Amino acid sequence: MSRMFHLGFFSSFSPPAWHAATDRAHGEDWWSGDHHARLARRVEEACFDFLFFEDTSGVSRTFGGSMDTDLKNSLSAPKNDPVALISYLSAVTTRLGLISTASTTLYPPYLLARLYSTIDGLSRGRAGWNIVTSSEEESAHNYGYEALPPPGERYDRAEEFVDVARQLWTSWEEGAVVRDHDRGIHTDPAKVHEINHVGKHFKVRGPLNSFPSPQRVPVLAQAGGSPRGRDFAARNAELIMATTIGGIDAMRAFREDVHGRMKTFGRSPDECRIMYATHVHVTDGTRDLRSTVTDSQLVSMLGKHAAHIGVDLFQYDLDAPLPEDVVANGTTSMLDSIKDKGRQGNTLREAILDVCLGDDELGVVGTADDIAHNLAGAMEAVGGDGFIIMATQNANEEHVSGILDEVVPRLQRMGVARTGYSGATLRENLFAF
């Protein structure tokens, strides 16, 4: 197997799997950024392309109209802002890409464009923006909405938002900053332009007042799975996070579908990397991973998905398939995955465990040797661009070490994972092969 692929690591700026920690002090300092600084340095040593942070900004009341379940089980809260975190992490790493989530529904475009331009400068060109439209009602209530706009309207706003942000990031031409001491000119006014955008959702004069960053435009990431989400990603994204659910055939079909959509928007498939999110669990090959999940861990898994979907999953029988008439008030693709499992005869409990731990269609639960060969084989079969390793549910020290110290070195020895960084920026490394 000679096809090289990219690796990303997925995390959250929240308590790191406190249910799963054998050491009660594990990650207690997460809020200071020190826990993730240690993680970032380890991920960089393993030569991952990037560290990727999800985000939400509310305390969920999905469960019986109360915050109690969320707070008792640390589901959506506490959680700090990952945009601030990647700025901190840029100072303790040198080559690792840093991607954080920010919502086009909740941010104004000028604020976000200036923020990411600043972080791209601080990181010397290693910033990425994961574009979301938000799916949690609680977040909407914190930003002045009575309710989230319908999905179609949120995507309409997102399309305009990204167009405005691009205009702001490029409102300073190359070479605008001249620092001409003889003429007394720092910035050439002829090379800085107002954008004067007036649209349905935004009115922005511009230009951006921040110094042009190394990448100018941060790497744009997206993870929409619905048809509208795929269209949005095909038009805008340079990195798409897809799912492994359904195995090789579904992964290949997603890739082909998105590439086809990209062509309709006048883009080449080479302009985007499609990477598949998967859970990896190193075991001795004899242990049934699902049998080790505690009741509190199951509550956490169920609760996190319920908050994203916007449906109180605790009201349904865990030992029966999820009813077909359940309608999402949030992320529809996540609900569809659980329903698909139910159609295959899986109970809600089994479906949640499959989605959260990986249903092992790719063979990613087992010995490090088996996992490495199965990941490489899957990527060769799919023709894809890499994997984003998920480590949010059971990410204790043993789990993370199994990934970074056992699986990745095997992938490197096989010649399918990088052993060093060839580029200085996230974009250069992401498109190096």
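Just the heavy atoms: all of them, side chains too, but no hydrogens, waters or symmetry mates, feed the values below. Fair warning: this is a prediction, and the values are worked out from it, not measured in the lab. Counting from 1, the numbers follow the sequence of the chain as shown.
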Among all residues two or more places apart in sequence or in another chain, which pass the ring-ring contact (aromatic ring centres under 6.0 Å, His included) test with Phe13? Trp30, His36
Quick one: pull up CG in Leu322 and CZ in Arg343 and give me the separation to the nearest 0.5 Å. 10.0 Å
When rounded to the nearest 0.5 Å, the distance separating CZ of Phe50 from CZ of Arg126 is 14.5 Å
Whether the Asn130 and Glu54 side chains hold a donor-acceptor pair (N or O, under 3.5 Å, no angle test) is what I'd like checked. no
How far apart are the C-alpha atoms of Asn209 and Tyr110, what are their side-chain angles, what is the distance that settles it, and do they pass the side chain to side chain contact (heavy atoms under 4.5 Å, CB included) test? CA-CA 10 Å; Asn209 73 333; Tyr110 189 95; 3.4 Å; yes
Do you know which of Leu115, Leu239, Thr104 makes side-chain contact (heavy atoms from CB on, under 4.5 Å) with Trp129? Thr104
Taking Arg95 for its side chain and Gly420 for its backbone only, find out whether a donor-acceptor pair lies under 3.5 Å. no
Closest contact, heavy atoms only, Asp70 versus Ala77: OD1-N, 3.3 Å
Taking all non-hydrogen atoms of both residues, which atom of Ile240 and which atom of Val258 are closest, and how far apart? CD1-CG1, 3.5 Å
Would you say the side-chain atoms of Arg255 pair up with the backbone N or O of Met251, donor to acceptor, closer than 3.5 Å? no
Consider only side-chain N and O atoms of Ser103 and Ser134, and report whether a donor and an acceptor are under 3.5 Å apart. yes
Could you check whether Lys79 pairs with Asp55 (Lys NZ or Arg NE/NH1/NH2 to Asp/Glu carboxylate O, under 4.0 Å)? no
Between Asp120 (side chain) and Gln215 (backbone), is there a donor-acceptor pair under 3.5 Å? yes
For the residue pair His281 and His399, categorise the inter-ring angle as parallel (less than 30°), tilted (30 to 60°) or perpendicular (more than 60°). tilted
Supply the atom-to-atom distance Cys272 SG to Met262 CE, rounded to the nearest 0.5 angstrom. 5.0 Å
For the residue pair Leu335 and Val327, what are the closest heavy atoms and their distance? CD2-C, 3.9 Å
If you measure from the Lys or Arg side-chain nitrogens to the Asp or Glu carboxylate oxygens, is any gap between Asp163 and Arg235 under 4.0 Å? yes
Do Val364 and His279 come close enough that some side-chain heavy atom pair is under 4.5 Å? no
Between the side chain of Asn73 and the main-chain N/O of Leu75, is any donor-acceptor distance below 3.5 Å? no
Pairs touching residues 220-234 that satisfy side-chain hydrogen bond (donor to acceptor under 3.5 Å, both in side chains), sequence neighbours left out: Asp156-Arg228, Arg230-Asp257, Asp231-Arg261
Considering the options Phe433, Phe52, Phe387, which one meets the ring-ring contact (aromatic ring centres under 6.0 Å, His included) requirement together with His6? Phe433
Least distance between heavy atoms, Trp169 atom then Leu208 atom: CD1-CD2, 3.9 Å
Could you tell me which non-hydrogen atom of Tyr143 sits nearest to which non-hydrogen atom of Ser57, and how far apart they are? CE1-OG, 3.3 Å
Is it true that the side chains of Arg124 and Ser90 contain a donor and an acceptor less than 3.5 Å apart? no
Please evaluate residues Thr278 and Ile389 with respect to the criterion side chain to side chain contact (heavy atoms under 4.5 Å, CB included), reporting the C-alpha separation (whole Å), side-chain torsions for both, the decisive distance (0.1 Å), and the verdict. CA-CA 5 Å; Thr278 185; Ile389 306 300; 4.1 Å; yes
Using a distance-only test with no angle check, is there a side-chain donor-acceptor pair under 3.5 angstrom linking Tyr116 and Ser100? yes
Rounded distance [0.5 Å steps], OH in Tyr421 versus CD in Glu428: 13.5 Å
Roughly how far, to the nearest 0.5 Å, is CD of Glu159 from NE2 of His201? 10.0 Å
Run the side chain to side chain contact (heavy atoms under 4.5 Å, CB included) check on Val408 and Phe48 step by step: do they pass? CA-CA 9 Å; Val408 173; Phe48 277 58; 3.6 Å; yes
What's the spacing between Ser210 OG and Leu168 CG if we round to 0.5 Å? 9.0 Å
So which atom in Arg273 and which in Asp385 form the shortest heavy-atom distance, rounded to 0.1 Å? CA-OD2, 3.3 Å
Side chain to side chain contact (heavy atoms under 4.5 Å, CB included) evaluation trace for Glu138 with Thr62: CA-CA 9 Å; Glu138 286 77 12; Thr62 302; 4.1 Å; yes
With a cut-off of 6.0 Å (strictly less than), are more than 12 heavy atoms of other residues, nucleotides or ligands near CD of Glu324? yes
